[in-house]
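Proteins get letters first, then strands, A, B, ... in listed order; numbering begins at 1 in each.
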Number of protein chains: 2
Amino acid sequence: MQTHDRRTKMIDLVRIRGFAPLEELVRELGVSESTVRRDLDALQRQGAAKRTHGGAVYSGGLSTATDSNERQPANWAAKRAIAARTVEVIADGETVLLDGGTTTYEVARLLVGRSLQVVTNSLPVANLFASQSRSDLVLLGGYVSPRTGVCLGPYANELLGRLHVTTTVLSAAGITADGLFNAHLLLAETEQAMLRAAGRVIVVADSSKFGSKSLTLVSGLDAIDQLVCDAGLLDSWREIVLAAGVELLIATLPDSPAPSSLASDTDAASAKKTNSRQRPRPV
Amino acid sequence: MQTHDRRTKMIDLVRIRGFAPLEELVRELGVSESTVRRDLDALQRQGAAKRTHGGAVYSGGLSTATDSNERQPANWAAKRAIAARTVEVIADGETVLLDGGTTTYEVARLLVGRSLQVVTNSLPVANLFASQSRSDLVLLGGYVSPRTGVCLGPYANELLGRLHVTTTVLSAAGITADGLFNAHLLLAETEQAMLRAAGRVIVVADSSKFGSKSLTLVSGLDAIDQLVCDAGLLDSWREIVLAAGVELLIATLPDSPAPSSLASDTDAASAKKTNSRQRPRPV
DNA sequence: TGTTTTATGAACGATTTCTTTCGATAGGTG
DNA sequence: CACCTATCGAAAGAAATCGTTCATAAAACA
């Protein structure tokens with residue numbers, strides 16, 4: 001077996017499994033430990049895999065580009081908080097349309113396990129729900145953008161034209177008084193179709209998005225029903241948003257209620273613990 | 001922070017990253033190493049994660065169910081050989097439509113990195129190409145089947161009606177003289193649409209599929225241009241296939257590191273090596 | 001054909017991680 | 001108030017992994 005073939009097989013194995021222990025690679029490829037280590041070094045330099053203690057993780061795919069690497073911790077905390085606040089206003093049984101983007105991805109993660117009908121154009125989001133049987137999943141088709149993993153193009157827009165969802169969760173690259181901006185022309189068209197398909201439009205955007213325009217205008221602020229943002233939003237922006245008739249939801253950082261309840265890990269005290277969630281909800 | 005919340009966050013982190021080093025979990029969750037280990041043990045007993053040296057891998061999703069576990073080694077080797085033979089008859093620059101299924105997934109793996117236009121209804125296949133910029137990717141939309149991760153339904157079929165591809169690679173649950181069979185009614189319709197969209201139809205099926213019917217008939221043998229199978233195909237089936245005007249491609253196992261032969265090789269080689277090492281060559 | 005380069009496997013010390021064990025703290029219970 | 005359980009953090013020995021080095025074999029090359 002040649003070196004190149006072996007490395008191809010190796011990265012195949014790592015990619016399929018997501019993580020491959022070194023010992024397993026040694027066994028399945030029939031070469032020595034040293035050779036596997038050297039190959040993994042080469043694959044790591046090449047960017048296809050990332051070595052860890054005991055093996056290697058696949059890092060060539062979308063997963064690395066989107067989430068594995070470090071993001072700004074502050075931004076990440078804000079996104080998580082926004083996502084946690086967003087899922088509070090989504091009820092079980094709804095049909096939810098999820099846009100692409102890191103913030104909507106966080107929303108999607110928190111929705112996994114809920115009883116929902118999910119519609120999305122994002123491949124990473126679809127992967128979250130694909131294995132679940134709790135929620136139905138509808139994927140918009142079309143051309144898949146390599147960098148972001150979202151489906152674009154006329155097919156996606158046309159399919160959207162025939163769907164109606166109760167709630168659309170939309171992301172944005174920038175927000176000004178003029179409305180929502182996005183960096184992709186095709187994506188803007190798809191998002192406009194998402195707006196038309198929605199009974200309720202929720203926009204998730206951290207405060208850093210405000211005041212910055214991007215390539216193309218998606219829609220005006222009046223198309224938005226609810227906007228979820230972190231507490232860093234300036235008062236001037238709050239006024240602008242409220243003046244446009246948008247309900248503003250501010251996510252607070254310290255509180256992070258995980259709505260997903262796992263099965264009883266320890267049988268004893270779980271019943272009492274579930275009561276620990278205290279959130280006086282004024283109606 | 002409560003134990004349950006912490007474990008929820010932990011499995012979230014592991015799921016997002018695919019692999020999470022222990023040290024990273026210690027840092028991000030703000031607890032001691034011992035606690036993280038104990039939690040990972042619990043999550044592993046629960047089946048949500050799998051511990052490895054230095055961290056944990058997510059094991060709750062589709063990846064585990066579909067590929068990480070062991071498949072039948074014989075069948076797997078046949079599928080790989082079929083896939084290797086199939087990609088030989090696919091030229092760069094083609095527009096290839098890839099069906100769902102484990103064999104077509106192997107074909108897809110070997111096509112990653114080629115310069116192609118790929119159309120598929122399979123989420124796992126799409127994930128293989130999503131990160132690549134070498135090949136364009138078009139994903140069929142529609143309802144996503146939770147178990148297999150393929151897109152089904154009228155939307156997928158309608159989109160297929162407007163596409164034309166040079167080659168369709170189709171899988172089958174069973175093959176008889178009547179034609180191809182499949183186990184899903186909706187999938188059969190989608191595959192019929194795939195046949196109509198194709199300039200050339202390649203069916204990949206290992207020899208165990210022959211002679212077994214399944215829920216529904218997809219098409220007759222005359223719709224097939226090329227059929228790729230392993231060498232275990234009986235002559236009687238070969239005649240039937242050839243009589244239907246199908247070009248038959250038999251996949252051979254050129255490099256199959258069978259464990260028995262590998263072991264004997266190792267023994268012989270080690271004996272020889274030991275001998276030569278004991279007698280150093282004079283310089 | 002002889003030389004150079006590359007690839008491979010084995011060994012050893014250094015480093016890291018794992019498991020086990022122990023003590024401390026918080027919260028519930030009689 | 002005393003007791004008990006569950007959880008957590010820390011330490012130490014055991015085990016596994018990593019990086020390096022060296023010798024051999026194969027391949028590329030002149």
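- Ion pairing of A/K209 with A/D206 is present here, as a side-chain N (NZ or NE/NH1/NH2) and a carboxylate O approach within less than 4.0 Å.
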Practice item. Classify every nucleotide of nucleotides 12-19 of chain D by which part a protein heavy atom approaches to under 4.0 Å, writing B for the base, S for the sugar-phosphate alone and - for neither, in 5'-to-3' order. Key: ----SSBS
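- The distance from atom CD of B/Q44 to atom C1' of C/dT19 is 14 Å, rounded to the nearest whole Å.
- Once rounded to the nearest 0.5 Å, the distance linking OG1 of B/T95 with CG of B/D136 reads 9.0 Å.
- For the residue pair B/G100 and B/V150, the shortest heavy atom distance occurs at CA-CG1, 3.9 Å.
- For B/E88, the salt bridge (charged side-chain N to carboxylate O under 4.0 Å, His left out) criterion is met by B/R85, not counting sequence neighbours.
- The two atoms that bring A/L98 and A/A108 nearest to each other are CD1-CB, 3.9 Å, heavy atoms only.
- Note that CE of A/M10 is 6.5 Å distant from CG of A/L43, once rounded to the nearest 0.5 Å.
- Without hydrogens or angle criteria, B/R7 side chain to B/A42 main chain gives no donor-acceptor distance under 3.5 Å.
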Protein-nucleic acid N or O pairs under 3.5 Å, nucleotides 20-27 of chain C:
none

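- Rounding to the nearest 0.5 Å gives a distance of 9.0 Å between OG1 of B/T166 and CD of B/Q117.
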